[in-house]
Amino acid sequence: MMSIFDKFQQLAATRQELKQSCDSFFNIVMQEIISGTEAIVNGRLTILAGSNNYLGLSFDSDCIDAACDAVRKEGTGTTGSRMANGTFSGHIALEHELAEYFDRRSAIVFSTGYVANLAMLSTLVGPGEVILLDADCHASIYDGCRLGGAEVIRFRHNDAEDLAKRLRRLERRNTNVLVVAEGLYSMLGDRATLSDIVAVKREYNAYLLVDEAHSLGVLGANGRGLAEEAGVEDDVDFVVGTFSKSLGAIGGFCVSNHPELDLVRYASRPYVFTASSSPSVIASTRAALKKMQTKSELRQRIWDNANKLYKKLQDLGFLVGPETSPIIAVRLEDKAEAFALWSGLLERGVYVNLVLPPATPDGNCLLRSSVSAAHTPEQMERICDAFTAARQLTAVTQTA
């Protein structure tokens, strides 16, 4: 008799191969969190250099105090969806504050960033309509597209000419088209060619959604993301983002100037049938949003750290992403070398993300670092020293 798990046999074989080559990959446990940049991992004090905690606000004292105050006053959870008993005053306040921050008409807050993409993309477009998305978009974007039933067409990563070619083919269809891109792409840390994409979007009268998950708090004079940095905010119909990166919490949002945005609340199954964020999460997010707006030095600090690590990895001869950003990925063709380098860093007290195909955009293995404003100069030196030592060790191993 067939097992319900038979379809996972290839996955099981791959997992077994990984266990034999790099067993510690499956045994990473944050046994004790020391700060936003350090933890005890497998019994060793380790610098967290892959956490997406861009502004270091997960341990900010004001955010922690706000969360503690909220949990004492309003409890540990809402126990209901936003459409039932799950809308508290904090949810409404955060939506107003997000809309004001982005200078948009309105905002919707979701329980996670994943749910934000799932909800918006499955609801805004449906059967008979078309989504054109950058091929390197996040999995949550792909999942939202599938759930909605719209026709999904990929265009080549950061290729506005390819986008225009595909839009030309759709002109006769007389249907709604939503173009989807990201501010910073999460694997290689490269920006979208947003100005070019906006020019194409205008020419063909399409809608545009930009996921600013990794660019919120990082790009733009006020930290609003790539659309602000590129000066094209008025041309972006929908901005989606998350609280789990620069804001140090968990949750997601969408802001827009379209007056009909509020209708999504009633049409979106992921919104209607998901329990709302707990009061403590909402409170810490509101505190972090204020901190992000008033502490511009945090952005300067993260860029200082990013430039330092990016240059160091280039000097060591690593193949890194196409441009400097807080996401800095080392690209390796050889899986064994990737395992050895990742393990070498971990042994030296530095944790980065090991990402393997098919999750990577170009078929290479990635050692993905994400620096934080909270990383001290001393920690950045230790990260650079660990890469230097691990690089030397793998070079010796390969020539032996």
Side-chain angles (χ1 to χ4, degrees), residues 28-41 46 48 50-102 106-119 140 212-214 216-217 223 240-255 265 268-295 298 370 372-374:
I28 295 297
V29 178
M30 306 292 162
Q31 295 162 316
E32 181 182 350
I33 307 300
I34 307 299
S35 70
T37 57
E38 288 185 318
I40 304 298
V41 179
T46 302
L48 303 177
S51 67
N52 300 325
N53 191 10
Y54 296 128
L55 301 183
L57 294 178
S58 64
F59 268 75
D60 181 83
S61 59
D62 292 335
C63 297
I64 291 172
D65 289 346
C68 290
D69 188 49
V71 79
R72 291 190 183 100
K73 289 181 178 178
E74 300 180 80
T76 57
T78 65
T79 69
S81 75
R82 291 291 302 275
M83 297 301 293
N85 59 283
T87 293
F88 291 11
S89 61
H91 296 89
I92 301 300
L94 178 55
E95 288 176 340
H96 288 161
E97 289 157 5
L98 283 165
E100 182 179 6
Y101 171 58
F102 279 95
S106 56
I108 301 176
V109 164
F110 300 92
S111 301
T112 67
Y114 179 92
V115 168
N117 270 329
L118 204 66
S140 61
E212 300 274 20
H214 290 271
L216 175 67
V240 174
T242 181
F243 306 146
S244 64
K245 312 282 191 286
S246 286
L247 295 174
I250 188 168
F253 68 91
C254 178
V255 295
R265 299 181 194 273
S268 170
R269 294 175 65 84
Y271 180 88
V272 172
F273 296 106
T274 301
S276 65
S277 300
S278 66
S280 58
V281 167
I282 294 296
S284 74
T285 301
R286 293 180 65 195
L289 183 61
K290 292 177 184 176
K291 188 82 61 165
M292 187 170 71
Q293 295 177 72
T294 58
K295 297 287 186 180
L298 294 176
S370 51
S372 170

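Below, all heavy atoms of this structure are taken into account, side chains as well, without hydrogens, waters or symmetry copies. One-based numbering along the sequence shown. As the structure is a prediction and not an experimental result, all values here were calculated from the model.
- For an aromatic pair to be called close, the ring centres must be under 6.0 Å apart, and Phe110 with Tyr271 satisfies this.
- Remark: the backbone N or O of Ala67 is not paired with any side-chain donor or acceptor of Ser280 at under 3.5 angstrom.
- Side-chain atoms of His91 come within 3.5 Å of backbone atoms of Ser277 as a donor-acceptor pair (strictly under, hydrogens ignored).
- Proximity of a side-chain donor or acceptor of Ser244 to a complementary backbone N or O of Ala249 within less than 3.5 Å is not detected.
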* Report the C-alpha separation of Arg82 and Val109 in whole Å, then their side-chain angles, then the decisive distance to 0.1 Å, and conclude whether the side chain to side chain contact (heavy atoms under 4.5 Å, CB included) test is met. => CA-CA 9 Å; Arg82 291 291 302 275; Val109 164; 4.1 Å; yes
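- Distance check: Cys63 SG to Leu247 CG gives 8.5 Å after rounding to the nearest 0.5 Å.
- In this structure, Phe102 has its ring center under 6.0 Å from that of Phe253.
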* Asked: When you look at Val41 and Met30, which way does the side chain to side chain contact (heavy atoms under 4.5 Å, CB included) test go after all the steps?
  -> CA-CA 5 Å; Val41 179; Met30 306 292 162; 3.6 Å; yes
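- Taking the side chain as every heavy atom from C-beta outward, Ile108 and Val255 never approach each other to under 4.5 Å.
- Under a 4.0 Å N-O distance rule, the pair Glu95/Arg265 qualifies as a salt bridge.
- Here CG of Asn53 is found 9.0 Å from OG of Ser35. Values are rounded to the nearest 0.5 Å.
- The two atoms that bring Ser372 and Leu55 nearest to each other are OG-C, 4.2 Å, heavy atoms only.
- Checked by atom type and distance alone, the side chain of Thr285 never pairs as donor or acceptor with a backbone atom of Leu94 at under 3.5 Å.
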